Each structure stands twice: as structure tokens, then as C-alpha cells.
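This report refers to the structure that appears directly beneath it.
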Amino acid sequence: LVFRAIFILVGASLLHHFEWLAYGFGAFLAYSGLKLLWMGDADEKPDLSQNHVVRFMRRFFPICQDFDEDHFTSFDRGRRILTPLAVVLAVVETTDVIFAVDSIPAVFGITTNSFVVFTSNVFAIMGLRSLYFVLVRAIGYFRYLKPAMALVLVVIGVKMLAAHWLKQWLGDSLRHWSLGLVGALLLVGMGASVIAGYLDRHKHPKE
């Protein structure tokens, strides 16, 4: 929350003083969406030993090999050392901060109101993270949700790049059109996943 607040305040201030940065945010989001769309197999297990956070912690902190129940630190020959659980926490929280690099510019593509941007991130962190554990077993069922999310990033990025011309064409309704398109993409992605799953079950019924 602290890091996201910093990102949002800095981003809002930069956009206020340098409006042309919106084009940079838009290009970054469009690139991120296209990269996600054409990314390889996401099911490949990453080599965590090569993770930059893991390598940094191994280099500068003593870490034991085994977990010590639910403790982040333990003792070895009288000195305090970190447990693997502390490394896991560092990796998870660092990843959460990295996610903000995409999510915050995406919200700025909808509104530049810092209060709305920050509170939406608060609800995302507090609510969606808990919801993830409910949906984690079903997420593989929504096979087309990933390309839908990628297209959402592309749409928001293109909207930021072409905002000047789109506002002349659509006027104040631009925000409604962009939100409607985002919602439609997500619904189509989820609907297509449900239909594909239904067809698979009838094509290959369990014996």
C-alpha cells in the first residue's frame, strides 16, 4: 500500500506537470498487453534460484535451508538467520510491487483522480487477493481470460495514445465507451472459456 501510494502520487504529479507522459504510459500498456498476448506457455515453472530477489537475499543475508515452523528468522550457533519463509515473503511482496507498474498506469487510463486510483488499488489488494484463493483451482478453467486481459491492456494503452482524437470524436462519452469495451472483453473471454469447457466435456466425456 505504501509503495502504491508513492507510485500514484508521483504518477499523478508527473501527469499534471507533463501531460505528454500519458503517451508514454499508453505505449507501455499497449506493449505489455501485446507481450502478454504473445507470451509463451505460462505453465512453465520458473527457476526461483535465478530470481533476482532470491539471489540478492542469498548474497547479503544468512539463510538456513529448512523452515522453522512459521518463523521468519531462526538461530544457528547463536546468531539470528533468515528462514526460507522470509525469502518467500520478500519474493511475493516484491512481485506485488512490480504488478503495480502495470496496474497503476492502467487506472490512470480511466481517471487521473488520485483518490479513486488509490482506493481502487486498496480494494484490489485487500479483496482480490483473498478472492484469488477462492478461484485458484478454477482459474485454469477460464482459458481465454489471459488473452482478454491482454487485450484490455492494449485497449487502455491505445486509448491513452489516441485520447486527443478520441475525445474530439466521442466527447465526454469516451470514458463510458472505454469502460464498456473493457467489460465486454472480460465477459467475452470468460464466456468463450465456459463454452470451450462445455464443448470439451461433451467431446471427451469421462468414462
Side-chain angles (χ1 to χ4, degrees), residues 1-39 42 95-132 134-135 138-197:
L1 289 174
V2 171
F3 273 107
R4 285 174 182 255
I6 294 172
F7 287 171
I8 291 167
L9 291 175
V10 172
S13 178
L14 289 174
L15 285 174
H16 178 72
H17 291 89
F18 308 100
E19 292 185 2
W20 55 267
L21 281 177
Y23 297 107
F25 284 171
F28 173 74
L29 288 174
Y31 168 77
S32 299
L34 293 174
K35 183 179 179 181
L36 181 62
L37 194 61
W38 291 321
M39 189 180 296
T95 303
D96 184 55
V97 172
I98 293 174
F99 282 158
V101 176
D102 280 343
S103 63
I104 290 176
V107 179
F108 276 128
I110 304 298
T111 178
T112 55
N113 187 309
S114 299
F115 176 77
V116 175
V117 175
F118 181 68
T119 51
S120 66
N121 274 265
V122 170
F123 281 116
I125 293 173
M126 297 179 65
L128 296 185
R129 179 176 290 176
S130 301
L131 184 61
Y132 169 79
V134 178
L135 299 176
I139 198 66
Y141 182 72
F142 297 105
R143 66 184 73 178
Y144 297 118
L145 189 58
K146 175 185 170 183
M149 291 295 298
L151 288 175
V152 166
L153 290 178
V154 173
V155 166
I156 297 176
V158 170
K159 179 210 167 189
M160 296 181 75
L161 289 170
H164 177 72
W165 297 276
L166 290 174
K167 284 182 179 179
Q168 291 181 345
W169 181 33
L170 297 173
D172 294 335
S173 63
L174 173 59
R175 183 176 302 174
H176 300 91
W177 277 101
S178 59
L179 286 174
L181 184 55
V182 167
L185 286 171
L186 294 177
L187 288 175
V188 169
M190 296 180 68
S193 301
V194 172
I195 294 172

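Owing to the predicted nature of the structure, the values given are computational and were not obtained by experimental measurement.
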Do L21 and F18 have side-chain heavy atoms sitting under 4.5 Å apart?
-> yes
Indicate yes or no: at least one non-hydrogen side-chain atom of L37 is less than 4.5 angstrom from one of L151.
-> yes
Measure the spacing between [atom1] of [X] and [atom2] of [Y] and express it to the nearest 0.5 Å.
X	Y	atom1	atom2	answer
F25	S32	CZ	OG	12.0 Å
K159	L179	NZ	CG	7.0 Å
F28	K35	CZ	NZ	9.0 Å
L186	M149	CG	CE	6.0 Å

Non-hydrogen atoms of [X] and [Y] that approach each other most closely:
X	Y	result
M160	L29	SD-CD1, 3.8 Å
S114	A12	OG-CB, 3.3 Å
L36	K146	O-CE, 3.3 Å
A148	L185	CB-O, 3.5 Å
Y144	G189	CB-O, 3.5 Å

N/O donor to acceptor pairs below 3.5 angstrom from side-chain atoms of residues 3-11, sequence neighbours left out:
{"unit_1": "R4", "atom_1": "NH1", "unit_2": "S103", "atom_2": "OG", "d": "3.3"}
{"unit_1": "R4", "atom_1": "NH1", "unit_2": "N121", "atom_2": "OD1", "d": "2.4"}
{"unit_1": "R4", "atom_1": "NH2", "unit_2": "D96", "atom_2": "O", "d": "3.3"}
{"unit_1": "R4", "atom_1": "NH2", "unit_2": "D96", "atom_2": "OD1", "d": "3.4"}

